[in-house]
Amino acid sequence: QRQVILKLLRFNLDIDFDFYDAEAEAEKEEQLSIFVDAAVKFIETEGITLNFDDTGDQFLVVAYAEWLYDKRKDASSVMPRMLRYNLNNRLFHEKLSEES
């Protein structure tokens with residue numbers, strides 16, 4: 001599932017490896033993997049247990065990683081409202097399921 005997440009992240013960031021040599025492609029892939037790992041860690045810190053087989057969770061990780069990637073250019077960047085909304089909804093759904 002990690003490859004799916006990385007592919008979606010590359011697509012969202014408009015990163016096209018057609019113009020990269022093998023070394024540059026590997027470096028960019030490693031960089032994106034770091035952002036995905038960070039996104040997963042931050043999401044789990046929110047109290048969310050991710051299911052990587054779930055498309056919604058995959059997109060949540062991609063959206064968070066994309067924001068982290070874009071944020072590196074502007075440290076004062078505030079989390080987009082839609083991302084915060086999705087995190088809250090995901091956490092609420094998980095907690096509600098635990099109580100049932």
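This is a predicted model, so every value here is computed, not measured.
- The closest side-chain heavy-atom distance from Arg2 to Asp37 is below 4.5 Å.
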Please tabulate, for side-chain N and O atoms in residues 78-86, each donor-acceptor pair with protein atoms closer than 3.5 Å (sequence neighbours left out).
from	atom 1	to	atom 2	distance (Å)
Arg84	NE	Asn88	OD1	3.3
Arg84	NH1	Glu46	OE2	3.2
Arg84	NH2	Glu46	OE1	2.6
Arg84	NH2	Glu46	OE2	3.3
Arg84	NH2	Asn88	OD1	3.3
Tyr85	OH	Asn89	ND2	3.3
Asn86	ND2	Met82	O	3.2

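- When hydrophobic clusters are built by joining Ile, Leu, Val, Met, Phe, Trp and Tyr residues whose side-chain heavy atoms come closer than 4.5 Å, directly or via intermediates, Leu50 is grouped together with Val4.
- In plain terms, the two heavy atoms of Ala39 and Ala65 that are nearest each other are CB-N, 3.6 Å.
- Annotation: the span from Glu94 atom CD to Thr49 atom OG1 amounts to 4.0 Å, rounded to 0.5 Å.
- A salt bridge (charged side-chain N to carboxylate O under 4.0 Å, His left out) check over residues 52-61, counting only residues at least two apart or in different chains, returns the pairs Asp57-Arg90.
- With a 6.0 Å radius and a threshold of 12 heavy atoms from other residues, nucleotides or ligands, Glu98 has its CD atom above the threshold.
- Atoms CD1 and CZ, from Ile5 and Arg10 in turn, are 12.0 Å apart once rounded to the nearest 0.5 Å.
- Put simply, Leu91 and Phe59 are part of the same group of oily side chains (I, L, V, M, F, W, Y) that touch within less than 4.5 Å, one to the next.
- To the nearest 0.5 Å, the span separating CD1 on Ile48 from NE2 on His93 amounts to 11.0 Å.
- Note that CD1 of Ile43 and NZ of Lys41 are 13.0 Å apart. Values are rounded to the nearest 0.5 Å.
- Across all non-hydrogen atoms, the minimal contact from Phe42 to Tyr64 is CB-OH, 3.4 Å.
- Residues Gln1 and Phe52 approach most closely at CG-O, 3.2 Å, considering heavy atoms.
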Please report the C-alpha distance between Ile15 and Leu9 in whole Å, then the side-chain angles of each, then the deciding distance to 0.1 Å, and finally whether the side-chain contact (heavy atoms from CB on, under 4.5 Å) criterion is met.
-> CA-CA 8 Å; Ile15 296 174; Leu9 181 58; over 6 Å; no
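- Not counting sequence neighbours, the partners of Asn12 by the side-chain hydrogen bond (donor to acceptor under 3.5 Å, both in side chains) test are Glu66.
- Minimum interatomic distance between Lys95 and Gly47 (heavy atoms only, all atoms of both residues): NZ-O, 4.0 Å.
- Ion pairing between a basic and an acidic side chain is recognised when a charged N comes within 4.0 Å of a carboxylate O; Lys28 and Asp16 show no such pairing.
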